[in-house]
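The model shown is predicted, which means the values in this text are computed figures rather than measured ones. Position 1 is the first residue of the sequence, and the numbers go up from there.
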Amino acid sequence: MNLRDLKYILAVAETRHFGRAAERCFVSQPTLSGQIKKLEDELDVVIFERTNRSVEITPVGAAILAHARLALEQAEAIEQVARAHQDPMAGPLRIGAIPTLSPYLMPLILMPLKQTYPKLRLVLSEEITDLLLGRLARHEIDAALLATAVDENDFDSLPLFEEPFWLAHPVNHPLQTHPEITADDLEQIELLLLADGHCLTHQVMAVCHLSERSHRGEMADLRASSLETLVQLVRAGFGCTLIPALAVRTGETSDTGLVTRSLAALPDAYRRISLVFRKSFPRRQALEAFAEVVRLQLPATVRRLPAAGTIG
């Protein structure tokens, strides 16, 4: 038994397919199948029940896989400790980010990060909060850029910035003549939201007190899967929405069919972005350096948060 064999059975368990597992492990399917069969013979158990149509995990296989996952995590931790001792700012850093943040923040930081830490290789993934937290707990990523506070004993976080929400509405909307947007204004408009699963949906609902009133209107059931789609729906005249400050394009004017408005009269209309990571992660110095690069590249439309232990 070796770590390679454990990676093979874990890949099969996650894909439920020997061919896809082989592709993930960069080996041929006969090689992967043969090694797993040798492992089963060595242990004198059946880990997977194979048919022409499916791959199922046996009860004893499930128990073995739990230990295999822990063994691989510990092996990875050993590599991380050694890498951190040699140079914490070298090698891959696997960062996850929510989809309402990643497309707008990453273009700001990728080049400065590469210039400041040329040996650091950023590996980026983009998923909703719950999936990122699951990957973080399984050691599949090193840290996650989130807009939701995490109350977990195994996790810690570095505060990065507070990102105000802006109102986006179509051209010639009644709010266009209002000198500023108030809480009463938000109470009256028909608001478009992202699909369930996005933390932005709950944050916007909290700002607009949607939980305290029925989500009414012809477009009440219209949900978008991405922030960009949401903005296009607003541009097409289907309603209004709130978008994070980084998603507001500089120079956006009514010529594009979209009007974006600051919510300066609503100081609590913002979300807080943090870098969440496992407390056991050995390369904290790399995460703190990454966080500082993020803070330094932020535009004036967001409020930079000081690193822990600093003032101002």
Side-chain angles (χ1 to χ4, degrees), residues 79-80 83-129 131-133 135-136 139-150 155-166 198-200 203 226-228 231 243-252 260 262 270-279 281-312:
E79 293 178 353
Q80 293 275 14
R83 188 181 298 121
H85 177 74
Q86 296 167 359
D87 184 354
M89 302 311 300
L93 185 64
R94 302 170 301 175
I95 301 293
I98 52 177
T100 57
L101 174 67
S102 180
Y104 314 105
L105 178 62
M106 289 304 154
L108 301 177
I109 69 170
L110 288 179
M111 189 56 68
L113 186 68
K114 182 177 181 180
Q115 292 171 343
T116 307
Y117 302 106
K119 295 182 180 179
L120 194 67
R121 181 168 62 87
L122 187 65
V123 181
L124 180 65
S125 56
E126 184 179 300
E127 288 172 305
I128 62 175
T129 301
L131 294 180
L132 288 176
L133 288 174
R135 296 193 66 196
L136 191 58
H139 293 230
E140 295 175 3
I141 57 176
D142 302 321
L145 290 160
L146 302 179
T148 305
V150 176
F155 295 151
D156 202 349
S157 64
L158 298 173
L160 298 177
F161 59 95
E162 292 176 347
E163 185 178 20
F165 291 117
W166 285 52
H198 291 272
C199 61
L200 183 62
Q203 292 158 352
S226 72
L227 190 56
E228 189 60 32
V231 170
I243 58 177
L246 290 181
V248 177
R249 292 182 176 86
T250 303
E252 190 87 70
T260 53
S262 168
Y270 67 89
R271 64 178 184 174
R272 172 173 287 207
I273 306 298
S274 300
L275 184 66
V276 178
F277 57 96
R278 295 181 303 279
K279 290 180 179 178
F281 184 65
R283 297 170 62 203
R284 180 169 179 136
Q285 183 179 345
L287 296 180
E288 291 177 342
F290 173 84
E292 189 57 24
V293 170
V294 171
R295 295 188 191 99
L296 291 174
Q297 301 305 316
L298 294 171
T301 53
V302 304
R303 296 185 286 268
R304 183 184 300 117
L305 295 174
T310 64
I311 299 176

Trace of the side chain to side chain contact (heavy atoms under 4.5 Å, CB included) decision for Phe277 with Arg284: CA-CA 9 Å; Phe277 57 96; Arg284 180 169 179 136; 3.5 Å; yes
Just do the side chain to side chain contact (heavy atoms under 4.5 Å, CB included) check on Phe290 and Leu158 with the steps written out, would you? CA-CA 10 Å; Phe290 173 84; Leu158 298 173; over 6 Å; no
Item checked: Residues Phe165, Leu200; criterion side chain to side chain contact (heavy atoms under 4.5 Å, CB included); working and verdict -> CA-CA 10 Å; Phe165 291 117; Leu200 183 62; 3.2 Å; yes
Practice item. Show your reasoning for whether side chain to side chain contact (heavy atoms under 4.5 Å, CB included) applies to Phe155 and Lys279. Key: CA-CA 5 Å; Phe155 295 151; Lys279 290 180 179 178; 5.8 Å; no
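Of the inter-residue distances, the one linking Thr129 atom OG1 with Leu136 atom CG reads 11.5 Å to the nearest 0.5 angstrom. A distance of 11.0 Å separates NZ of Lys119 from CE of Met89, quoted to the nearest 0.5 Å. Of the inter-residue distances, the one linking Leu145 atom CG with Ser157 atom OG reads 11.5 Å to the nearest 0.5 angstrom. One distance of note links CZ of Arg283 with CD of Glu288; it measures 13.0 Å at 0.5 Å rounding.
Counting heavy atoms from C-beta on, the side chains of Ser274 and Leu146 never come closer than 4.5 Å. You'll find the side chain of Pro299 reaches within 4.5 Å of the side chain of Leu246, heavy atoms only. Between Phe281 and Asp156, the closest side-chain pair of non-hydrogen atoms is not below 4.5 Å. The closest side-chain heavy-atom distance from Val248 to Tyr104 is not below 4.5 Å. In this structure, the side chains of Phe161 and Arg303 stay at 4.5 Å or more apart for every pair of heavy atoms. Side-chain atoms of Tyr270 and Glu163, non-hydrogen and from C-beta on, never get closer than 4.5 Å to each other.
Every residue two or more places apart in sequence or in another chain was checked for a salt bridge (charged side-chain N to carboxylate O under 4.0 Å, His left out) with Arg121, and none qualifies. Contacts of Ser125 classified as side chain to side chain donor-acceptor pair (under 3.5 Å), with partners at least two apart in sequence or in another chain: Arg135. Evaluation of the side chain to side chain donor-acceptor pair (under 3.5 Å) rule for Glu292 yields Arg295 as partners, not counting sequence neighbours. With sequence neighbours excluded, the residues forming a side-chain contact (heavy atoms from CB on, under 4.5 Å) with Leu110 are Met106, Leu122, listed by chain and number. Contacts of Ser226 classified as side chain to side chain donor-acceptor pair (under 3.5 Å), with partners at least two apart in sequence or in another chain: Thr229.
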Which pairs of donor and acceptor atoms, one on a side chain in residues 90-102, lie under 3.5 Å apart (sequence neighbours left out)?
unit_1 : atom_1 : unit_2 : atom_2 : d
Arg94  : NE     : Asp142 : OD1    : 3.2
Arg94  : NE     : Asp142 : OD2    : 3.4
Arg94  : NH1    : Glu76  : OE2    : 3.4
Arg94  : NH1    : His139 : O      : 3.3
Arg94  : NH1    : Glu140 : O      : 3.2
Arg94  : NH2    : Glu76  : OE2    : 2.3
Arg94  : NH2    : His139 : O      : 3.0
Arg94  : NH2    : Asp142 : OD1    : 2.8
Thr100 : OG1    : Arg271 : NH1    : 2.9
Ser102 : OG     : Glu126 : OE1    : 3.2

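The minimum heavy-atom distance between Ser262 and Trp166, with the atom names listed, is N-CE3, 3.5 Å. Scanning both residues, Ala144 and Ile141, for their nearest heavy atoms gives CB-CD1, 4.2 Å. Considering all non-hydrogen atoms of both residues, Thr301 and Pro164 come closest at O-CD, 3.3 Å.
For the side chain to side chain contact (heavy atoms under 4.5 Å, CB included) test with Leu105, the passing option among Leu160, Leu298, Ile273 is Leu298; the others fail.
In this structure, Arg272 contributes its side chain and Thr148 its backbone to no donor-acceptor pair below 3.5 Å.
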